[in-house]
Amino acid sequence: MRNSRTLRLIAGLMCAGTAVAACGTSSTSSSSGGGQAFTPPKLEALSQLGQPEGALNILAWPGYAENGSNDPKVDWVTPFEQATGCKVNVKTFGTSDEAVSLMKTGQYDVISASGDASLRLIAGGDVEPVNTGLVPNYADVYDFLKNKPWNSVNNVSYGVPHGWGANVLTYRTDKVSPAPTSWSVVFDANSPYRGKVIAYDSPIYIADAALYLMKTKPELGIKNPYALDDKQFQAAVDLLKQQRPLVSEYWSDYLKESQALKNGDAVVGTAWQVTVNLTQSEGAPLESTLPTEGATGWSDTWMVSAKSAHKTCAYKWLDHIISPAANAKVAEYFGEAPANPKACSLTADAKHCETYHAGDAAYAGQIWYWTTPIAQCVDGRTDVKCKDYGEWTRAWTEIKG
Amino acid sequence: MSIAASVSGFLYRKPRLRLGMLLSAPLLWLGLAYLGALAALFVTAFWHTDTFTGQVVTEWSLDNFTTLFTDGVYRTITLRTLGIAVAVTVVDAVIAFPMAFYMAKFASPRAQRVLVIAVMTPLWASYLVKAYSWRIMLSGNGLVGWLFGATPGYGLAATVITLSYLWLPYMILPIYAGLDRLPDSLVEASGDLGARSWRTFRSVVLPLTFPAIVAGSIFTFSLTLGDYITVKIVGGANQMLGNVVYDNIGAANNLPFAATVATVPVVIMLVYLAAVRRTGALDNL
């Protein structure tokens with residue numbers, strides 16, 4: 001008798017567990033539309049600052065929130081902690097997809113989101129509008145970075161622009177000659193660097209293939225690598241499947257990539273400037289270039305979590321990270337263009353802003369910033385349906401095989 | 001009578017209640033945290049996600065399973081994972097058997113203890129340190145290339161090597177235990193009856209220790225089926241079932257499909273366990 005009662009109890013508990021799981025993940029999807037057409041969940045921006053809460057959990061790309069633990073000379077977190085009393089925890093992520101799922105835990109107060117994550121975070125109700133009036137340094141930021149499709153919805157700002165740059169073509173100068181000027185070295189089936197190519201491990205890398213096709217196969221009519229209809233998408237996927245034998249590794253950890261390039265296990269591929277700088281500093285003969293086809297890139301936004309319990313610290317961080325001094329340090333360490341023009345006079349390399357075309361809106365316009373692909377084509381076409389990010393993700397598993 | 005004494009007297013008279021109280025904590029753990037989580041996993045496998053917002057939509061459908069069975073790429077990945085698991089198990093069994101045989105039958109009791117400790121030492125080091133060490137050793141200008149003049153490079157071979165290294169202790173210890181229990185008198189009797197050493201090994205030692213080998217294979221097999229870190233570190237551009245699960249959780253944020261894929265190794269293990277149950281291997285665990 002007791003046995004069967006125990007069994008029933010266990011069964012009951014299991015059902016309860018399942019029900020809790022169901023509650024925890026219940027659907028609140030109000031928006032599966034696209035572009036500016038979707039209505040984000042109604043959230044209010046902070047109206048005024050309070051007392052700093054004493055703690056701040058940061059979710060950042062590697063190199064964006066350095067506290068001196070990687071290199072004692074590289075530290076703009078400690079001064080922030082001293083000035084505000086907000087004790088900082090930093091968690092880094094390797095891909096935007098990882099960032100989006102980490103953000104859903106609600107454990108982080110601020111995030112440095114790229115354009116392929118920001119809209120998903122806004123639509124999912126994970127981040128809230130930002131009252132830019134409470135961020136004094138916001139006034140200095142380049143106007144061409146403000147209220148863009150990836151950091152605002154219906155002209156409501158969801159964060160502060162922080163910096164931008166390109167996913168550059170990187171190569172070993174001793175193993176790759178002549179110096180490449182085109183992405184063909186990583187995509188062409190007859191590339192001499194078969195088995196030595198390193199590629200980014202994220203569905204968004206499909207856009208790199210689409211960008212290459214945009215220039216080499218104009219008959220496909222690709223206008224924007226993030227707006228691909230069936231035929232264009234298939235062409236990009238086929239190109240990546242053809243690239244698969246050339247690839248030695250897909251990287252999402254920039255340190256792993258750095259090591260592969262340093263040891264010569266990979267000699268050419270796509271990388272961030274920060275990886276190039278880091279690997280060069282360890283003595284590897286590495287160079288990077290912006291190929292003739294252009295490149296995909298990022299324009300990053302610091303956003304505030306809707307679930308944050310440390311909002312005052314979060315706003316203090318937003319202001320700190322785009323302050324001239326901090327913005328200059330991040331831009332130089334990471335290898336990108338700063339968002340605040342006043343940072344340009346504070347960089348150690350006086351020509352940094354010139355090298356990275358910081359104030360050059362026309363140049364910035366040539367880089368295809370990561371954007372979440374959605375069913376409504378972001379290039380404005382209304383006669384076709386584009387592939388959404390879910391389909392990009394499935395295709396990515398298929399490409400890797 | 002004190003309270004403690006009366007409680008103990010009461011419990012003494014009610015043996016079933018005593019047993020119930022003793023087992024309630026482990027049963028709760030097993031039922032709620034362990035099986036409950038597994039049950040939740042299977043339920044999730046029938047839902048799907050809104051691809052844009054990433055929210056889970058709790059509508060029942062078999063779409064995930066349809067994708068899993070009709071999409072060729074998942075079959076390829078399942079077969080690749082199975083192949084790696086079999087290869088790792090075979091490599092480990094071949095390396096572990098002579099090692100365990102020496103430990104159980106030839107080494108002095110003192111040497112036995114030292115060897116058992118030596119076999120377990122790698123378990124004290126972090127998994128990641130060991131995997132990354134192999135990454136460095138197998139790299140283009142690493143130790144392996146320097147010693148042998150060539151390196152397999154990153155790929156399936158590197159994955160099998162690294163996983164075999166990682167799981168070897170889990171194979172050696174059950175075989176050692178099995179051989180230790182094999183009475184020497186049986187080997188001697190076989191010799192007295194005229195069998196040469198190979199014949200003794202084939203007809204006496206191997207059949208009696210086979211369940212122990214199978215017991216070890218359950219560890220190497222199931223651990224390999226679920227692994228995704230090693231293949232990410234040394235596997236080059238390859239992916240295993242674990243990577244698909246990881247990518248769907250960590251990257252695509254598609255928990256339901258990850259749950260669907262995660263049922264594959266569970267099913268494979270259930271089939272494998274059912275098959276080896278008849279060998280008596282489970283008694284050796």
Side-chain angles (χ1 to χ4, degrees), chain A residues 2 6 9-11 13-18 20-22 25-34 38 95 97-98 100-102 104 119-120 123-126 195 199 201-203 244 247-250 252-253 256 259-260 263-265 372 374-375 388-391 393-394 396-398 400-401, chain B residues 16-17 19-20 23-24 27-28 30-33 35-37 39-41 43-44 47 49-59 67 71-74 76-77 80 132 135-136 138-142 153-155 232-233 235-239 243-244 247-255 257:
Chain A
R2 180 169 293 279
T6 314
L9 177 71
I10 292 172
L13 286 171
M14 270 167 66
C15 294
T18 320
V20 170
T25 53
S26 68
S27 158
T28 52
S29 80
S30 54
S31 53
S32 49
F38 75 86
T95 62
D97 309 303
E98 196 186 339
V100 171
S101 47
L102 281 172
K104 290 200 179 301
L119 285 191
R120 278 185 276 163
D126 299 307
D201 190 1
S202 164
R244 172 70 176 69
V247 172
S248 76
E249 274 191 299
Y250 293 101
S252 58
D253 173 351
K256 202 177 97 172
Q259 194 226 355
N263 287 334
D265 296 315
T372 308
I374 46 182
D388 69 15
Y389 196 68
E391 286 167 295
T393 310
R394 276 194 290 283
W396 186 241
T397 304
E398 201 188 309
K400 289 201 286 178
Chain B
R16 276 171 171 273
L17 180 67
L19 186 69
L23 287 182
S24 58
L27 272 181
L28 263 182
L30 189 74
L32 197 67
L35 296 176
L41 178 84
V43 170
T44 316
W47 292 339
T49 16
D50 181 318
T51 48
F52 188 59
T53 62
Q55 308 278 9
V56 174
V57 183
T58 51
E59 285 162 14
T67 314
D71 220 333
V73 68
Y74 299 109
T76 314
I77 294 171
R80 182 185 302 137
Y132 268 104
R135 180 179 166 86
I136 293 164
L138 292 166
S139 112
N141 48 10
Y154 302 140
K232 230 176 154 54
I233 295 173
N238 291 293
Q239 53 184 348
N243 300 102
V244 179
D247 285 348
N248 274 288
I249 296 171
N253 196 31
N254 190 345
L255 203 59
F257 190 66

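Chain identifiers are assigned alphabetically (A, B, ...) following the order of the sequence lines, protein sequences preceding nucleic acid strands; residue numbering begins at 1 within each chain. Just so you know, these numbers use all the heavy atoms, side chains as well, and skip hydrogens, waters and symmetry mates. It should be emphasised that the depicted structure is a prediction, and the values quoted were computed from it without experimental measurement.
Only the side chain of B:Y74 comes within contact range of chain A, with heavy atoms under 4.5 Å apart. In this structure, chain A has heavy atoms under 4.5 Å from both the backbone and the side chain of B:S139. Both the backbone and the side chain of B:N238 come within contact range of chain A, each with at least one heavy atom under 4.5 Å from a heavy atom of that chain. Using a 4.5 Å cut-off between heavy atoms, A:A260 touches chain B through backbone and side chain atoms alike.
The distance from the NZ atom of A:K400 to the OG1 atom of B:T76 is 14.0 Å, given to the nearest 0.5 Å. B:D247 contributes atom CG, which lies 9.5 Å from atom OG of A:S202 (distance to the nearest 0.5 angstrom).
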Audit row: A:D201, B:K232, salt bridge (charged side-chain N to carboxylate O under 4.0 Å, His left out) steps and yes/no: CA-CA 11 Å; A:D201 190 1; B:K232 230 176 154 54; 3.5 Å; yes
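Between the side chain of A:R394 and the backbone N or O of B:T67, no donor-acceptor pair lies under 3.5 Å. No donor-acceptor pair under 3.5 Å is formed between the side chain of A:N263 and the backbone N or O of B:G140.
Looking at B:I136 and A:Q259, their side chains come closer than 4.5 Å, going by heavy atoms from C-beta outward. Within the 4.5 Å cutoff, no side-chain heavy atoms of B:D71 are placed close to those of A:T397.
Closest approach of B:R135 and A:K256 over heavy atoms only: NH2-O, 3.3 Å.
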